[in-house]
Every structure is written in C-alpha cells, then in structure tokens.
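Have a look at the structure below, then the notes.
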Amino acid sequence: MTQAPPASDAPPRIVALIDDDESIRRALTRRLRAAGLVVEAFATAQDFLDRAPQAAVGCVVTDLRMPGMSGLDLQAALAERDGDVPIVFISGHGDVATGVAAMRAGAVHFLAKPFTDTEILAAIAEALALAGERAAARTAIHEVAGAHARLTAREREVFALVAEGLMNKVIADRLGVAEKTVKIHRARVMEKMGARSLADLVRMASRLAAKDRAGP
Amino acid sequence: MNPRLAPPDSPGLPEVAHGELLRFERVLAELSTGFINRAAGDVDPAIDEALRRIAGVLEVERITLLRVGTDGVLFVTHSASVDGIAPVRTNLVPQYPWTLEEIKAGRPVAFTRVDDLPAIAVVDRANWTRIAVASNVTVPIFVGDVFQGALAIATFRHHRHWSAELVERVRMLATMLGNALEHKRTQVELATAVEFERLMSHTLAALVAAPQGAFDTVIGGALREGGAILGADRVTLWQREGTSAQFRKTHRHVAPGMPTPPNVTNMERLPWMLGEILANRSVSAPLSAFPPAAAGDVALLRELGAESIVAVPIAIDGHVMGALSFASASESRGWPESLVPRVRLFGEMLASLLARERAARGERDARAEAAHAARLGTMGVVAASLAHELTQPLAAIMTNAEMALHLVAAPEVDHVELRATLEDILADDRRAGKLIHQLRRFLRRDELERTALDVRALQDEVLSLVRGEVVGKGVSLSSSCAPVLPEVIGNHAQVQQVLLNLLLNAFDAVASRPPASRRVNVGVHAEGDAVHIVVEDAGVGMDAAAQERAFAPFYTTKAKGMGLGLSISRTIAEAHGGALTASSIPGEGSVFRFTLPAGPAAPPRS
C-alpha cells in the first residue's frame with residue numbers, strides 16, 4: 001500500500017448495486033435513493049469491476065446467483081484486489097449453503113429475497129459505517145506512517161526500542177550513547193509522532209507493524 | 001357515451017377524486033407487500049380483508065372476486081359488502097353475457113348509470129336494473145395472459161363516477177388479487193405433486209428391491225403414505241373381475257374411525273361412478289358437487305363414511321382392469337386439479353407391478369412399466385428453478401410497494417414517481433403471473449394426448465423451466481432452432497420430458513468442469529424425414545462401456561438419481577417412432593441425439 005490516502009477525508013459512500021434482474025435494480029435504486037443514498041447499479045459483477053470508481057464505493061450490495069461471475073466470485077475477486085469493501089448479499093431462496101460460505105468469507109449481511117426496506121437499509125447503514133471505520137483506520141495509519149518517515153535514522157531506532165518497553169538506560173547501553181541523549185531523542189520522537197503518552201507510541205508501533213505485515 | 005371507459009378527467013383533477021386516488025394507491029401499496037410470501041392458508045382471509053378495505057376507501061357497497069371455471073362460467077370466490085347489501089352468491093354468465101365478452105377480451109366495463117350501457121347489453125342492463133345496481137365497474141383478471149376471472153365493484157345507493165385513472169388502479173388491484181390466489185393454488189398443488197412423485201419414486205425403488213413376497217407390504221405402505229399426502233381417510237386399490245361390474249379390493253388402508261366397506265363392491269350399486277370409470281374417466285370431487293344423476297351413488301358413498309372422493313380407473317391398453325380410490329370423511333377436503341394424472345400414474349404403476357409379480361414376467365417389462373414414472377426426480381429440480389425465478393419479481397414488488405408507501409407518506413406527494421412505482425409493481429405482478437402459469441402448466445401435463453407439436457415453442461418452454469438451474473450451476477447454455485421445421489405429432493409432455501432429462505443430465509456432466517468449460521448446447525433442426533433435437537455437453541464424457549450402460553434402467557452415476565432418466569427417455573423416443581442415441585469422447589463431452597419422425601403419419605409403436 002504505497003498510494004496516498006484519498007485527498008478528502010469523506011468516507012467512501014457510493015452504494016454499488018449488482019443484480020442481473022432489471023426490475024430489482026430499478027426498484028432498489030429508487031428506494032435507496034429515496035433514503036438519501038448515492039447508488040450506482042450494475043447488471044453484472046464484471047461490469048462493476050470494470051466501471052465502478054472503486055475508491056469511492058462504500059459498500060457493495062450484490063445478488064448471489066448471477067450468470068457469469070457469481071456473488072461469491074466477486075467477493076473473491078475483491079479480496080484479491082486488496083479491497084476491504086463491505087458486502088451485503090441478497091439472494092433468492094435455496095441458497096442457504098452459499099449464504100453461509102459468503103458470511104464465512106466476511107460478508108456483512110445476507111438477506112433472502114424478498115426483504116423489507118427496513119432490513120436492506122439497516123444492512124447498508126451497517127456496511128457504510130464499517131466502510132467509514134475502515135477508511136478512518138486507513139487514514140490514521142497513513143498519518144502514522146508519514147510521521148514515522150520524517151524521523152531521523154537514530155530517532156527511528158529510539159522509537160523502536162521505546163515501543164518495545166525498554167528503559168532509557170537500557171536503550172542508551174544498546175545504542176552506545178548517553179542516557180541524556182536518549183531522553184532528547186525520545187522527546188523529539190514523541191513530538192514528531194504526535195504521541196501524548198508511551199501507550200500512544202506503542203499503539204502506533206503496532207499499527208505500523210501490522211501495515212508492514214500486510215505488505216505493499 | 002362509451003361505457004367501457006369513463007371520459008378522461010380534466011387536467012386539474014378535483015380535490016376529492018385526487019384524495020381518493022391517493023388513498024387507493026396507499027392501500028394498493030400496502031396490499032402488495034401483504035401478499036408477498038403469504039402462506040397458502042392465509043391468502044383467503046387476507047383477500048376478504050383487502051376487499052373490505054377497498055370498499056371503505058372507494059365508498060362502494062359491494063366488491064366481488066370471481067373465477068372462471070372449466071366450463072367458462074364465472075363463479076364467486078370472495079364477496080364483501082356493507083350492511084344491508086347481500087354478498088354475491090350466484091355465477092355471472094347467464095345474467096351478464098355482454099360484460100363477460102368484454103372482460104374476456106381484456107376490456108373493463110364501467111358505468112355510472114345503468115343507462116350508460118350500450119343497446120347491445122340489453123340482458124346485462126335488465127339484470128343490473130333488477131338487482132338495483134346504481135353504478136358498477138367490472139375488470140378482468142389475467143394471469144400470464146390467461147383469463148382467470150374478474151373483479152366487480154358495485155354501488156347501490158349513489159351513482160359513482162369511474163375515472164380512467166381509477167379503473168386503471170382497480171385493474172391493478174384485480175391483477176394483484178388474481179396473482180395472490182393463483183400463487184396460493186400453485187403452492188398447494190406443487191407441494192402435493194412433489195410429495196406424490198417422491199412417494200412414487202420411493203415405492204418404485206422399494207418394489208424393485210423387494211423380494212417377491214414383500215410386494216404386498218410395500219404396496220400397503222404406499223397406499224398409507226399416499227393417503228397421508230392427500231389427506232384421505234381410506235385408500236383402496238381395486239381389481240376388476242374380468243369384464244364385470246365387480247371390483248375386488250387387493251390392498252386397502254383405512255384410517256381409524258373410517259368405516260371399512262366389503263372386500264368386493266358391486267359397482268352397479270354406484271351406477272354413475274361405474275359409468276365414469278368404465279369410460280376411463282376420473283372422478284375427483286366432494287359428494288356435494290356430484291351431478292343429480294349420481295344421487296344413488298352419493299347416498300351409498302355417504303353410508304360408507306365418504307364426503308369427498310378421488311377415483312381413477314386403471315386401464316391397460318384401454319381396457320379398465322381396476323381402480324384406485326381415495327375417500328375423505330371431510331367435505332371440505334379439496335383435491336388439487338393437477339392431482340388426477342398423478343393418481344392415475346400411481347395406480348397404473350402399482351397395478352402393473354402387481355401384474356408383473358403375479359405373472360413373474362421378468363425384467364424386460366419392468367422398463368416399460370417404470371416408464372409411467374417418467375418424471376421422477378426432475379420435478380423437484382424444475383420446481384426449485386422456477387421458485388427461484390419467482391423470487392425476483394416478488395422482491396421487486398416488495399421494494400416498490402414500500403417505496404410507494406414512503407411516497408404517499410411524504411408531505412408533498414411526487415405523483416410522477418408514485419405512478420412509475422405502481423406501474424413497475426404491476427409489470428412485476430404480470431411477470432410473476434407468467435411464471436406461476438408456466439409452473440401450473442408443467443404440473444398439469446396431460447398424460448395421453450398426441451397433438452401436432454411446435455418443437456420450437458417446446459424447446460423455449462423447457463429452456464425457461466431450467467433457467468434457474470443454469471444460473472445456479474454456472475452453466476453456459478446456448479440454443480438454436482431452424483426457422484422452419486416439419487410437423488411432428490407427439491405427446492407434448494413426454495417430448496418435453498425427454499429434452500428436460502437430456503438437459504439436466506448435461507448440466508450434471510459439466511458440473512465438475514472448470515467454469516469456462518461448463519458449456520451445453522441444444523439445437524433443433526430438420527434432417528431427412530425427422531426433426532433432430534441435439535444436446536451437446538463439454539462434460540466428462542463416457543467410455544464405450546458407460547455408453548452401453550447409460551440407457552439401462554436403474555443405472556446411474558448420480559448419488560441421488562433413480563437411474564431411470566435415459567432409459568425412460570429412450571422408451572418415449574421409441575414410442576414416438578423416433579430414437580435416442582448417444583456418442584461420447586471421454587474427457588471431451590457427449591452428444592445426445594433425439595429424433596422424431598416428421599409428418600402426421602408417424603405411427604405410435606405399440
């Protein structure tokens with residue numbers, strides 16, 4: 001993950017609706033728009049992957065059974081693309097086993113058709129909230145990574161050792177410098193990272209580590 | 001003045017009419033959501049309630065829902081009226097011939113005064129005047145393009161104006177109610193049919209596996225289960241003694257509390273039933289619906305504890321050899337219309353297997369006898385496929401109906417959007433109706449009739465039956481049909497069944513392949529003096545030995561299959577003077593070729 005976070009802090013909010021049935025697309029688009037949502041409808045999963053402005057998509061509402069790429073195929077394709085967009089599945093009856101598989105793979109909701117507007121609106125609200133949280137977490141990580149990049153080489157060393165929970169004296173011994181110097185570096189690290197406490201700093205370090213584990 | 005449609009309203013709708021339309025639309029929207037996924041048993045009370053509400057909104061005195069019977073007569077199924085006005089009890093045909101013609105042609109009939117009716121409607125006018133109707137609107141109900149009945153709304157105390165907009169909404173209401181009823185009937189029939197076919201396949205399997213002496217136990221068990229499915233209190237398998245009117249019971253199941261008749265019945269004591277059975281016709285009705293000529297039969301049957309009867313002849317080569325009867329002690333026990341052919345199949349299956357056991361005729365005949373159970377296994381697949389298709393329009397109706405409620409609740413009603421939403425509901429209602437109708441046609445297939453077949457239409461029907469299955473299994477199905485085909489004579493249901501079997505087999509053959517290879521193609525063309533229906537799959541294929549076995553009865557590669565599909569399909573093809581052949585390359589796929597000889601002269605092979 002090397003690209004910059006979205007310029008605006010606004011969470012992605014487009015609801016992407018994917019269903020091969022035109023009546024369903026029309027009805028749901030109409031109903032969701034009336035509820036104040038921004039909706040874009042697609043007849044196939046492939047069309048969604050090709051055309052949708054992915055960064056702005058807050059959640060995906062998709063049919064399970066569709067000609068060509070199925071809802072589960074789409075879920076897999078999105079996971080492959082490093083997308084963590086929340087998915088709400090809607091499906092005709094007799095798909096219980098598939099529904100279970102979808103939920104196991106991280107779907108937010110699984111609604112059997114026909115569903116009430118309360119059900120679908122609640123499911124979408126939950127999905128968008130989750131997307132917002134995920135976006136906020138991403139932004140936070142980007143901030144931490146940016147601040148971390150501005151540290152000097154020595155400050156980074158101190159940061160890592162402080163985050164491990166080592167005392168100043170031990171750090172000084174390890175680095176072969178005076179304890180007073182460590183204190184100065186440590187104060188700068190706290191300031192540059194915007195950390196208010198040691199606990200803050202430890203949290204940032206673990207986020208950075210998680211991000212590195214996730215890989216580029 | 002044209003009595004069919006009230007004159008168009010002036011652009012500025014009067015406030016009153018406007019408010020009424022809105023109230024009506026709100027009720028329509030609420031009703032649309034209310035009828036979705038309603039259990040079959042709850043539909044009738046919901047319709048009564050709907051009619052009462054509509055009567056209130058429109059300030060009319062009577063609303064009646066009618067259904068067309070097999071004889072073309074409209075009979076009342078639901079009628080709601082205000083105090084002082086009697087609900088309708090009689091049928092519509094003799095009194096209102098002109099109106100019936102109009103609505104059958106799809107045109108609503110509306111009048112504010114009886115005098116608005118045209119001169120030709122003289123009989124209708126006289127009858128409405130006689131019962132003191134002030135104004136009336138009657139709209140037709142179509143389900144899947146088939147005329148199903150009508151909705152009639154009458155006022156007695158004031159002359160009501162029926163605007164074109166209002167009539168349009170009444171039609172919408174009628175379509176909705178019609179679909180709800182049809183859906184209910186279909187649910188009931190489908191459940192019974194699936195259960196019954198499961199019973200047939202189990203019985204057949206049990207009989208084939210049973211040692212010869214155990215036949216009686218298996219048949220007794222089958223009668224008991226059949227009785228349970230149909231809600232019958234007494235089930236009897238009868239054997240006719242030669243060509244006499246004596247019928248001797250071979251097997252019987254009697255529920256506790258139900259009288260047990262003598263083991264031999266002289267059917268001359270049931271003259272009307274005897275006539276029907278010997279004419280190879282079935283009887284399926286509550287005793288109260290028996291014709292006057294059957295008075296003697298009714299008296300005797302009542303004595304034996306029956307209030308409702310299904311009796312089917314068991315005929316072999318057109319000769320009535322016996323009968324299978326189901327009796328219920330409850331008059332309200334309704335027998336679904338699609339049931340009779342299944343009960344006949346069941347009876348013939350039991351009778352021929354019994355005959356086989358008695359004569360110890362051996363394996364060769366088992367195949368011909370098993371052919372009676374032609375639909376085993378495919379029924380459930382088709383039903384599931386269509387049921388899935390049905391959820392699409394239902395889901396769209398649900399969402400749109402709630403949208404309409406949302407719209408009418410707004411302080412400023414968006415009429416354009418509201419109308420568009422209601423129109424979408426109507427369109428999906430029609431679509432659902434078409435699917436339901438298709439399903440019912442499939443359930444009611446006639447067993448015997450041979451007609452000129454439109455193979456192209458037949459292919460289209462089968463493709464729509466399996467559409468849900470195609471999508472569900474991720475099969476890429478292509479089809480083609482020659483523009484001109486010679487005439488073929490045959491049994492629509494059986495030919496459909498063969499194509500269905502071949503397609504379902506092909507889907508199974510490609511199921512284990514990667515998605516891109518799940519290709520199945522069906523093509524229809526004429527070649528030589530025959531119509532060829534060719535089903536090709538890119539599936540696993542069969543080696544020479546497997547090809548040999550594929551058509552043998554009870555051979556199957558499927559965990560759940562009966563192994564009868566191809567065996568029966570070939571029997572059907574040969575009975576039509578045609579053939580069913582297979583060629584296959586292991587690992588590459590198979591081709592099944594079903595040929596039907598062209599021309600009306602094609603003789604059925606006996």
Side-chain angles (χ1 to χ4, degrees), chain A residues 15 17 19-37 39 41 43-46 61-74 76-77 88-99 101 111-124, chain B residues 29 32-38 380-381 383-407 409-410 414 416-418 420-432 435 467-478 515-516 518:
Chain A
V15 177
L17 169 66
D19 197 306
D20 60 314
D21 192 274
E22 202 206 328
S23 287
I24 303 257
R25 287 202 304 277
R26 271 164 67 105
L28 271 181
T29 304
R30 180 188 280 138
R31 183 66 193 92
L32 299 184
R33 284 194 178 142
L37 295 164
V39 184
T44 65
Q46 194 57 54
V61 177
T62 180
D63 192 10
L64 261 182
R65 275 164 64 142
M66 292 183 287
M69 191 184 261
S70 76
L72 285 184
D73 296 340
L74 173 65
V88 174
F89 283 103
I90 53 177
S91 173
H93 85 154
D95 287 326
V96 177
T98 330
L111 299 181
K113 292 176 186 171
F115 41 75
T116 65
D117 55 359
T118 321
E119 288 169 324
I120 185 81
L121 288 173
I124 290 175
Chain B
S32 312
T33 57
F35 280 115
I36 294 191
N37 275 5
R38 196 174 276 279
V381 176
S385 171
L386 279 182
H388 177 264
E389 289 301 293
L390 198 56
T391 58
Q392 303 285 28
L394 292 185
I397 290 170
M398 182 86 151
T399 302
N400 276 320
E402 289 177 323
M403 179 70 196
L405 287 178
H406 179 76
L407 285 169
D414 181 343
V416 178
E417 190 72 0
L418 180 59
T421 306
L422 288 173
E423 271 164 12
D424 279 356
I425 293 180
L426 192 57
D428 278 313
D429 243 331
R430 290 204 181 105
R431 186 173 141 211
L435 285 167
R467 194 177 165 272
E469 183 74 4
V470 167
V471 174
K473 289 216 162 122
V475 175
S476 135
L477 176 64
S478 56
R518 287 183 209 149

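In what follows, chains are A, B, ... by sequence order, proteins preceding strands, each numbered from 1.
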Taking side chain as everything from C-beta outward and backbone as N, CA, C, O, which of these in Ala420(B) sits under 4.5 Å from a heavy atom of chain A? Side chain, backbone, both or neither. both

What are the two closest non-hydrogen atoms of Asp19(A) and Met66(A), and how far apart are they? CA-SD, 4.1 Å

Can you see which heavy atom on Val471(B) is nearest to which on Arg65(A), and at what distance? CG1-C, 3.9 Å

Out of curiosity, Leu121(A) CG to Leu37(A) CG, how far, rounded to the nearest 0.5 Å? 6.5 Å

Checked Arg31(A), Arg30(A), Arg26(A) vs chain B; the most non-hydrogen pairs under 4.5 Å come from Arg30(A)

With the threshold set at 4.0 Å, does a side-chain nitrogen-carboxylate oxygen contact exist between Asp21(A) and Arg431(B)? yes

Any donor and acceptor pair, going by atom type alone, linking the side chain of Arg25(A) with main-chain N or O of Leu17(A) inside 3.5 Å? no

For Thr421(B), is it the side chain, the backbone, both or neither that has a heavy atom under 4.5 Å from a heavy atom of chain A? both

What part of Ser70(A) gets within 4.5 angstrom of chain B, counting heavy atoms only: side chain, backbone, both, or neither? neither

Tell me, for Asp73(A) versus chain B, whether the close heavy atoms (under 4.5 Å) come from the side chain, the backbone, both or neither. neither

